[in-house]
Amino acid sequence: MNNDTLIPLIGVVTDIRQDTPDVKTFRVNALEGGKVFEHMPGQCAMLSIPGVGEGMFSITSSPTNKEFMEFSIKKCGCLTSWLHAMDVGQQITIRGPYGNYFPVETELKGKDLLFVAGGIGLAPLRSVINYVRDNRANYGDVQIVYGSRSKDDLVDYKEIIDEWSADPNIQVNLTIDNPQEGWDGHVGFVPNYVKELNPSTNKTVLVCGPPIMIKFTLAGLKELGFTETQVYTTMELRMKCGVGKCGRCNIGHKYVCKDGPVFRFDQLDELPDEY
Amino acid sequence: MQEAMIKRAKELLADGTVNRVMGWKKGEFAYDITPAVFDTAEELEQDFVCDDLTQANVSKYLIKESRKEGRILAFLKPCDTYSFNQLIKEHRIIRENVYVIGIPGGPKIDVEKIKAKGITGILSVKNEDYTLKIETIYGTETMPFYEAISGKCESCKSKKHVVYDELMGEEGDVLDSNRFDMVEKLENMTAQERYDFWRGELSKCIRCNACRNVCPACTCESCVFDNPASGISQKAAADSFEENMFHIIRAFHVAGRCTDCGECSRVCPQNIPLHLLNRKFIKDINSLYGEYQAGADTTSRAPLTDYKADDCEPSVVHERGAE
Amino acid sequence: MLKIAASRLNELFDAIAEKQTLYIPVDREPNTAEYKKYESGMTMSSALNTVRSAKDFFFPQTENLAEFKVEGKSIEVKDIRQENEDFVVFGVRACDARSFSILDKVFLSEPVDSFYKNRRDHGTIVTMACTKPAETCFCTVFGIDPTVPEGDVSVFSDGENYFFLDRTEKGTEFVKSVENFLEEGDAAKLAQVQEQARSVIKKLPLAGLSTDSFGGDKLNEHFNSEKWAELSEACIGCGTCTFVCPTCQCYDIRDFDTGHGIKRFRCWDSCMYSDFTKMAHGNPRTSQLERFRQRFMHKLVYFPANNDGEFGCVGCGRCLAKCPISMNIVKVMKALEVK
Amino acid sequence: MQVNNDFQPVIVAFCCNWCSYAGADLSGTNRLNYPANVKIIRVPCSCRVNPMFILRAFQKGADGVIICGCHPGDCHYTSGNYYTRRRITLLYSMLDFLGIERNRTRLEWVSAAEGAKFAAVMNSFVDEVKKLGPNRRLEDLRCRKQ
């Protein structure tokens, strides 16, 4: 019998990094080393601990990373609490990759890019950012606006400072919600910061974060003169199968697991407002 | 009666006593009647129905409805008043926001019983002198009224309304019903026979949760069977054990609170006699701890939240003799 | 046309059951039919349809997907799939026969669901033409002819005989395997019976129902309709409609800890349930209105949008008969209809 | 019924922390024997035993379930065991109604001083369940060890 996507593979957790008080980044390898499967930036995978549950997580490492996959996971429910309690060497089940991806090889090619992320919303975008950095010649200007509740809640802070900010070809703008000791950067919400930065309207925007942030960022971008066809986001709803059959992650007739998670805002606009 | 009810409802709407009416709405055929809230006299005239086929107990809807703005008129049959009263007792319904009119109860007709006679294509059902005249797409059929009586009305426990603001029709009495006959029959079987009986019945269960969701006593905000943290949340009975588990616990959770309204068995798409489980608890409570009728009052202590120092020991079960 | 006398039907069943598992509808109680594994002596139900649909044969209420052994930090996955045995389902009605092609569109589209396909490959569907439809029937609304059902083999009754028409390769093989029970017969009376059934079907109370107002292009106008509040107000949020429906195919995947291993199983789920879309951070469908809307939008708008206009309903009428509060797709269609 | 002499039933005993659990302890320190296949689960009060616990014990492989609490009137929480008594009586009666063998369930009052009673109760309960054979009527087949 052919392989069935519902029967998972085994991955092993080879590294765990505490990014923020409630976010950990897990490095996952195949049992024999290397990656369990290849993916494109923005795609997701179903991780599970048998007996605990299964959940869909975006793959936060870039496909250009040929050694391992990474998942940045915020602790907020039953499965994620279990994942956070894991030690290195723990095996998990993994299946995927699922969904579509950011059009890095088509529509985004040659474009100036603006990434807007809030909190754990950086997870799916980090995959694209590193993909772009590794294929830098294919893209124009790159600007990253990233905000979180506090300095401690900035996911991947080390990579942001050591690699992205140090990269002369990338402009990084960080912000936190409230003033904090030891923080001399910008303070304020992401949508307002984007407006303040007044990015050029020929950029293509990739947004991910809490729903409320996405909503206000989009409104702000429109005020600045951006159109919906320039803005991409990635969605999340409850999923069980990952392949558009179990019937729960739909927005209108589109399944987030199969037709998404990446949507352009003009596509979302045609769908009912149920997410 | 239907006309009088519409008339009275319109009056109460017009004089501002209530701003909505909880009743039942006509369907496509004679029997597909849906509980509904009516806001205007026009809606009442057009769609309100209360006839021999109107079975649904609307008291559970009043939990939500009594929390909305204004006052709602509810027509309650005698059995529904017990459910309503029990919900009052459990502080689930805000009494002042409901205006209760007691209406005469059944016996109601269950269309399933007509269909069981092989009558199909049913368009209308009329009771003519205790003979049902049934218009179908294949012609007119007749059957005795009493053969089509719904299960819950066959063993009616009371024609008395335990709560109302006004009454339409005459008040009845608490009846000396035969409702424990089937329970007793089962009790007199051997354990193996009982086991086989319940396996046969419970294995039909498709876990649609209709029995739970329709039950006026099942009013938890989140059910233990939907809560993954409970360790017993189930979506489907993956094993015969889980079928038993669900039904034992469902009945147990309403023990001492179940008024025996019969809705669980009425809505079961697989016709499982679920009320027998509830009645077993009621019968046991009556015989072991004294007569108790849930919903009959709003002040007494329920049997499972009460005790006596000289209550019987669980060994009464083991002392029942040979199995 | 090949036929067998009604009195000899059980001989045929015995012969089929000797070679493979045979399922036929039998009466549990009057008017309450269910599919049962055939054992010699059983009588086929004369009821119009079974309470549960025939989807169980390919998409059972629960089935195990995989097993896990967890030891310390290591996990072992066990693929428990086995090639299914051949089986025959006899007496499927036209509505259920069509439901299989709807389920196929979900489960056989890429990536193929091997659990479903396995059963589908090994099942032979023998359908039975309807002669006495009920008031709840409205399959013709979805272009189904109940007098000529789909399936691998169609069977027609004229009251005295059953006539066999093979429609697929599998069907031809089936008919061939029971050839010596069949004989050439005169179908003149059958034509009469069919004609009579068709005239009844035309006059059914729901025959006038129209699908014109629905389809994949009617997304937002129906989604945003004000009628949903009134339609859903009485809904008790049970899963009766979903579970008796031949086309409802949503499922949940869960793990069961047996104490000596984990079984991962899938089971039917219902969009009517409050936890269907519940996530750790919230629920996009917070009230019964949204859940209720989802079910009917799926059948009347979303499904056709993804499947070349085909609706996700076959008009079997089960939800009309079984809904505890008698709210159903017909009432929804009538309320949302754009005249 | 065929009695399998090798059959060692799995017994789950829910014991109240204040009386019966101490009683079990005492029977241990007095070196009184009771079968090792009795699995004791300590609960703060017999009243803590939710009917679901009993069913789940059967699901996960118990052949018999016994609840032990303080004697009526002696509850550490004044009245917990009175509620237990009603609740468990009704549950056992319901299990009986469903055709589950009566003798698979029991409730006994065992005080902290009654070490000997604890051992005697367990011995007699194990014997009775042994006579009934493995739990089949309230078993979850998925949990059966092959």
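Chain identifiers are assigned alphabetically (A, B, ...) following the order of the sequence lines, protein sequences preceding nucleic acid strands; residue numbering begins at 1 within each chain.
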Next item on the list: Would you tell me whether C:Glu71 and C:Ser74 have side-chain atoms, one donor and one acceptor, within less than 3.5 Å of each other?
Entry: no
Check: Do we see a donor-acceptor contact under 3.5 Å between the side chains of C:Lys218 and C:Ser213?
Finding: no
Note to self: Among C:Asn84, C:Asp104, C:Leu103, exactly one meets side chain to side chain contact (heavy atoms under 4.5 Å, CB included) together with C:Arg120. Which residue is that?
What the structure shows: C:Asp104
Note to self: Heavy-atom pairs under 4.5 Å with chain A: which of C:Val301, C:Thr277, C:Asp255, C:Asp79 has the most?
What the structure shows: C:Asp255
Notebook entry, point to check: So what's closer than 4.5 Å to chain A heavy atoms on C:Asn220: side chain, backbone, both or neither?
Noted result: side chain
Next item on the list: Sort C:Tyr251 into side chain, backbone, both or neither according to what part of it lies under 4.5 angstrom from a heavy atom of chain A.
Entry: both
Checklist line | Which atoms of C:Val70 approach chain A - backbone, side chain, both or neither, heavy atom under 4.5 Å | finding: side chain
Next item on the list: Heavy-atom distances under 4.5 Å only: say whether C:Arg254 touches chain A with side chain, backbone, both or neither.
Entry: neither
Checklist line | Interchain contact, C:Phe115 with chain A, by part (heavy-atom threshold 4.5 Å) | finding: both
Margin query: Heavy-atom pairs under 4.5 Å with chain C - which of A:Gln90, A:Glu270, A:Lys245, A:Lys240 has more of them than the others?
Written below: A:Lys245
Next item on the list: Could you tell me which portion of C:Phe276 (side chain, backbone, both or neither) has an atom closer than 4.5 angstrom to a non-hydrogen atom of chain A?
Entry: both
Check: Where does the angle between the aromatic ring planes of C:Phe58 and C:Phe100 fall among parallel (under 30°), tilted (30 to 60°) and perpendicular (over 60°)?
Finding: perpendicular
Margin query: If you count heavy-atom pairs within less than 4.5 Å of chain C, which of A:Pro272, A:Ser48, A:Gly77, A:Gly53 leads?
Written below: A:Pro272
Margin query: With heavy-atom distances below 4.5 Å as the criterion, would you say the side chains of C:Trp268 and C:Asp56 are in contact?
Written below: yes
Margin query: Can you tell me which portion of C:Phe107 sits under 4.5 Å from chain A's heavy atoms? Options are side chain, backbone, both or neither.
Written below: both
Margin query: Between C:Ser109, C:Ala66, C:Gly72, C:Gly216, who has the most heavy-atom pairs with chain A when the cutoff is under 4.5 Å?
Written below: C:Ser109
Margin query: Counting heavy-atom pairs closer than 4.5 Å to chain A, which one of C:Val112, C:Asp269, C:Asn224, C:Asn283 comes out on top?
Written below: C:Asp269
Next item on the list: Please check if atom NZ in C:Lys73 has more than 12 non-hydrogen atoms from other residues, nucleotides or ligands closer than 6.0 Å.
Entry: yes
Note to self: Between C:Lys278, C:Gln82, C:Arg285, who has the most heavy-atom pairs with chain A when the cutoff is under 4.5 Å?
What the structure shows: C:Arg285
Check: Got a second to check how far A:Leu6's CG is from C:Ile253's CD1, nearest 0.5 Å?
Finding: 5.0 Å
Check: Do C:Arg318 and C:Ser53 have a side chain donor and acceptor closer than 3.5 Å?
Finding: no
Item checked: Contact class of C:Leu219 relative to chain A, heavy atoms under 4.5 angstrom -> side chain
Margin query: Which atoms of C:Glu110 are under 4.5 Å from chain A, going by heavy atoms: the side chain, the backbone, both sets, or neither?
Written below: backbone
Item checked: Beyond-backbone contact of C:Ser114 with C:Arg81, side-chain heavy atoms, under 4.5 angstrom -> yes
Next item on the list: Could you tell me which of C:Met279, C:His281, C:Lys263 has the largest number of non-hydrogen atom pairs under 4.5 Å with chain A?
Entry: C:Met279
Checklist line | Student check: side-chain heavy atoms of C:Arg291 and C:Ser274 closer than 4.5 Å | finding: yes
Notebook entry, point to check: For chain C, which of A:Thr5, A:Leu9, A:Ile10 has the most heavy-atom pairs under 4.5 Å?
Noted result: A:Ile10
